[in-house]
Amino acid sequence: MPFNIYDFSGTTKAVDQFLYSTMSPTWAFVVELAIVGIIILLVYAVVGLYLVYAERKVCAFMQNRVGPNRVGKWGLIQTIADLIKLLMKELVVIRKADQLLFNIAPFILIIASFMAIAAIPFAKGLQAVDFNIGVFYMMAVSSIGVIGTLLAGWSSNSKYSLIGAIRSGAQVVSYELSVGLSLLAVVIFSGSMQLSVIIESQANGWWIFKGHIPAIIAFVMFLVASTAEINRGPFDLAEAESELTAGFHTEYSGIRFAFFFLGEYMNMFIVASLAATVFLGGWMPLHIGNLAGFNHVMDFIPPIVWYFGKTVFIIYVIMWFKWTFPRLRIDQLLTLEWKYLLPINLVNILVIAFIVLMGWYIK
Amino acid sequence: MNSVGKYFSDIFYGIKSLWKGLMVTGYYFVHPGTIVTQQYPENRKELKMFDRFKGEVILQHDENNFHTCNGCGICQLNCPNGSLEIITDSVTNEDGKSERIIDKHIYHLSMCTFCGLCIKACPSNSLAWGQEFEHAVFNREALTKILNQPGSLIKKTPKEPKAPKPVVTDTVPTSNPAN
Ligand code: SF4
Ligand code: SF4
């Protein structure tokens with residue numbers, strides 16, 4: 001089986017051929033689905049757990065603390081222990097809750113983020129589905145998650161949950177616009193919505209460099225708006241521990257709570273990978289124009305390392321936001337979106353369209 | 001025009017102040033030396049508690065095993081939780097008079113809320129806060145302590161001549177005699 005750390009398409013093709021040659025096409029298809037599903041599930045669990053760990057460490061260092069450091073070396077298996085604890089907790093049944101909605105709400109959240117992962121290109125040839133409308137698909141799927149939040153708040157039949165859910169609804173509806181518009185910037189630059197094409201178009205430099213100041217503005221806008229979209233601090237009004245206890249998941253316990261928790265971190269991961277893919281070239285190594293020597297040296301670092309490096313960097317920035325800024329009030333939140341982000345984004349799109357029309361960006 | 005200028009200056013001021021905040025946390029993140037957390041069981045040897053730390057109530061003894069408690073019982077009366085019990089004894093002193101001395105100054109650490117009223121109330125400043133904090137025991141009885149050390153004695157201070165009484169004059173009217 002050919003295995004190449006620089007290009008996974010050979011490996012996946014070999015697996016594909018092997019399966020189709022050993023069993024009937026229907027079974028081969030089913031087995032392939034199962035393999036992809038299990039791999040994504042594993043990635044999901046491991047990445048989710050270690051993001052929680054990373055968050056706790058980052059926040060601790062920013063607050064002059066040490067963070068988890070007792071379970072395992074440097075506390076590395078702390079979050080796994082926490083998960084086991086949560087698995088063994090009682091699932092409290094809320095008597096006045098809408099049982100059906102209450103039970104499916106965490107799954108909607110998880111499924112939304114799960115679907116988004118499918119379209120993420122982790123490395124060359126390591127992408128479950130490569131839609132020709134990848135960017136659009138990611139946006140559409142990631143906003144399904146808010147339905148989970150709304151349902152959770154509505155069905156728990158508790159005032160805190162409902163306020164949290166309604167806030168989250170207002171927030172996502174407004175910030176979705178800015179996320180879309182800032183992604184549109186790169187869609188205009190690269191002329192495609194397909195994630196793999198967007199990555200290929202960055203072979204001679206990432207869009208954040210090639211697109212001049214408008215691309216940088218779009219990148220910052222995307223970071224701010226997507227932080228708000230995934231309900232993370234400083235925009236975590238839906239949870240707002242200090243005023244709403246835990247917002248929409250106040251009534252949840254045990255593994256259902258863990259689902260919300262994991263879902264939040266996976267959404268952060270998805271947003272960070274989308275930002276890395278669209279603005280920072282995804283798995284594409286750092287290339288500068290046609291400096292062949294420099295580009296060649298950069299090619300020695302495997303694409304998967306590039307991908308995770310960029311994603312981790314953006315995740316760190318998002319965590320940095322959370323542990324620095326105080327939470328916004330709901331009116332400030334809406335002011336920020338409708339008075340600042342949206343107009344700036346619209347003007348930015350106009351400028352980018354003009355730049356692309358005149359061919360003033362680095363091709 | 002003014003409002004347009006304000007719009008943009010708001011944006012730049014906002015970004016500037018946010019950046020300032022980011023720099024503070026960013027500095028902490030890359031400087032592990034700023035961590036203030038004490039790693040407790042590891043640093044047990046060199047750990048020194050702070051002066052104002054309330055570990056437990058102790059009866060102060062000097063190096064010759066003398067304390068200043070005369071067994072008046074005021075601390076017992078002041079303790080809101082009944083954590084203190086004073087058991088006194090009487091001895092005959094060198095003048096041939098019978099005198100009250102402390103027999104057992106019993107302190108129930110398990111009932112103490114560390115309010116500090118006993119320490120404030122003691123007229124002879126015999127009590128103080130100790131710095132010991134590792135109080136975990138397997139048997140509740142171990143938390144009942146006798147504060148006066150075995151064989152300790154009350155420190156006799158030579159009697160000072162009484163200070164002259166302050167002269168009370170009626171010329172200054174008191175504002176509220178009821179208090
Ligand atoms: S500190 Fe308060 S509770 Fe404790 S013994 Fe003294 S008076 Fe009682
Ligand atoms: S400790 Fe102080 S208040 Fe308590 S009995 Fe002794 S002298 Fe009196």
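By convention in this document, chain letters (A, B, ...) are assigned in the order of the sequence lines, proteins followed by strands, and residues within each chain are numbered from 1.
Of the inter-residue distances, the one linking M62(A) atom CE with Y28(B) atom OH reads 12.0 Å to the nearest 0.5 angstrom. Separating the OG1 atom in T324(A) from the CE atom in M23(B) is a distance of 9.0 Å, to the nearest 0.5 Å. If you take CD1 on I11(B) and CD1 on I344(A), they are separated by 3.5 Å, rounding to the nearest 0.5 Å.
Atom OH of Y40(B) has more than 12 neighbouring heavy atoms from other residues, nucleotides or ligands inside a 6.0 Å radius. For Y13(B), the OH atom counts as loosely surrounded, since its 6.0 Å shell holds 12 or fewer non-hydrogen atoms of other residues, nucleotides or ligands. With a 6.0 Å radius and a threshold of 12 heavy atoms from other residues, nucleotides or ligands, Y27(B) has its OH atom at or below the threshold. When the shell of 6.0 Å around CG of D51(B) is examined, it contains 12 or fewer heavy atoms from other residues, nucleotides or ligands. The environment of CZ in R140(B) is sparse: at most 12 heavy-atom neighbours from other residues, nucleotides or ligands sit within 6.0 Å. Counting non-hydrogen atoms of other residues, nucleotides and ligands closer than 6.0 Å to CZ of F53(B) gives a total above 12. Within 6.0 Å of CH2 on W338(A) lie more than 12 heavy atoms contributed by other residues, nucleotides or ligands. More than 12 heavy atoms of other residues, nucleotides or ligands sit less than 6.0 Å from atom NZ of K145(B).
Nearest approach of T37(B) to N64(A), heavy atoms of both residues: OG1-O, 3.7 Å. Among all heavy-atom pairs drawn from V66(A) and Q39(B), the shortest one is CG2-NE2, 3.2 Å.
Chain A forms the most heavy-atom pairs under 4.5 Å with one residue out of V36(B), L18(B), V30(B), and that residue is L18(B).
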- Which is it for F325(A) and L22(B) under the side chain to side chain contact (heavy atoms under 4.5 Å, CB included) test, yes or no, and what are the steps along the way? CA-CA 8 Å; F325(A) 303 143; L22(B) 284 177; 3.6 Å; yes
- Message: Would Y7(B) and Y340(A) count as a side chain to side chain contact (heavy atoms under 4.5 Å, CB included) here? Give the steps.
- Response: CA-CA 9 Å; Y7(B) 180 83; Y340(A) 295 96; 3.5 Å; yes
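Scanning residues 64-79 of chain B against chain A with a 4.5 Å non-hydrogen threshold yields no residues.
Residue contact with chain B, scored on non-hydrogen atoms closer than 4.5 Å, involves the side chain of P343(A) exclusively.
Taking the side chain as every heavy atom from C-beta outward, W323(A) and F29(B) never approach each other to under 4.5 Å.
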